[in-house]
Amino acid sequence: MAQAAQANPLDASSSQIHVEHDKKRRQFVIRLNGSHDRAVLLYEYVGKKTVDLQHTEVPDAYRGRGIAKHLAKAAMDFVVEEDLKAHLTCWYIQKYVKENPQPQYFEHIYQ
């Protein structure tokens, strides 16, 4: 089965992409190519109801496939669902919000 997964590369439209939220480590993770490679979005709580979305990283071999978009969406959905405020330190998340202008996102972002 692993060979079939490798033959079908991940891209933004792939139903294979699953974002995991590791609340203990304060990160969103997508496991790539089994569990060896992973894309991550890191955040920190900077107040009781405030998070700083700090950094998104996708391994070089997987860039340009829309993977970071899944991480950014999961993080912004988390901010909205938990009724948090967010600082967008990560340039990619700033870009994602600009390209996907959802009113519920703007209500939760420190400008």
Side-chain angles (χ1 to χ4, degrees):
M1 275 195 241
Q3 290 177 343
Q6 290 175 353
N8 186 5
L10 291 172
D11 61 40
S13 63
S14 175
S15 61
Q16 296 178 26
I17 295 179
H18 173 71
V19 180
E20 299 171 26
H21 185 188
D22 184 339
K23 291 184 178 185
K24 185 176 180 183
R25 290 191 169 122
R26 294 173 304 281
Q27 62 186 9
F28 292 88
V29 179
I30 296 174
R31 297 187 190 285
L32 307 163
N33 193 21
S35 62
H36 297 291
D37 296 322
R38 48 191 221 129
V40 297
L41 185 153
L42 306 174
Y43 69 93
E44 286 289 337
Y45 277 90
V46 294
K48 188 172 182 178
K49 297 285 282 176
T50 306
V51 292
D52 182 6
L53 303 178
Q54 297 177 324
H55 179 69
T56 305
E57 187 169 336
V58 176
D60 290 341
Y62 296 92
R63 290 189 180 166
R65 301 184 192 188
I67 293 169
K69 184 186 296 186
H70 290 274
L71 293 168
K73 181 181 185 322
M76 289 306 302
D77 289 349
F78 163 70
V79 167
V80 171
E81 289 164 11
E82 297 293 320
D83 196 25
L84 303 171
K85 288 287 190 179
H87 292 283
L88 307 183
T89 300
C90 175
W91 69 266
Y92 183 83
I93 299 171
Q94 293 172 13
K95 177 184 172 207
Y96 173 81
V97 169
K98 187 176 184 181
E99 292 176 354
N100 299 277
Q102 302 293 323
Q104 67 270 27
Y105 290 170
F106 294 115
E107 295 168 12
H108 293 270
I109 296 171
Y110 279 114
Q111 300 294 336

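Quick note: residue numbers are just sequence positions, from 1.
Under the side chain to side chain donor-acceptor pair (under 3.5 Å) criterion, R63 pairs with D60, not counting sequence neighbours. Shown here are the ring pair (Phe, Tyr, Trp, His ring centres under 6.0 Å) partners of F78, two or more places apart in sequence or in another chain: H21, F28, Y43. A search for ring pair (Phe, Tyr, Trp, His ring centres under 6.0 Å) contacts involving H108 returns nothing, not counting sequence neighbours. The side chain to side chain donor-acceptor pair (under 3.5 Å) test applied to E20 returns R31, not counting sequence neighbours. Applying the salt bridge (Lys or Arg N to Asp or Glu O under 4.0 Å) rule to E44 yields the partners R26; only residues at least two apart in sequence or on another chain are considered.
Counting only residues at least two apart or in different chains, salt bridge (Lys or Arg N to Asp or Glu O under 4.0 Å) contacts with residues 47-59 are absent. Counting only residues at least two apart or on different chains, no salt bridge (Lys or Arg N to Asp or Glu O under 4.0 Å) pair has a member in residues 78-88. For residues 79-105, the ring-ring contact (aromatic ring centres under 6.0 Å, His included) pairs, not counting sequence neighbours, are H87-Y110.
To the nearest 0.5 Å, the span separating CG on L71 from CG on L53 amounts to 11.0 Å. Going from atom CG of L88 over to atom CD of Q54 covers 11.5 Å, rounded to the nearest 0.5 Å. Here the NE2 atom belonging to H70 is positioned 12.0 Å from the CZ atom belonging to R65, to the nearest 0.5 angstrom. Rounded to the nearest 0.5 angstrom, I93 CD1 and K73 NZ are separated by 13.5 Å. One finds the CD atom of E99 at 7.5 Å from the NZ atom of K69 (value rounded to the nearest 0.5 Å).
The other members of the hydrophobic cluster of V29, by chain and number, are V40, L42 (side-chain heavy atoms under 4.5 Å, ILVMFWY only).
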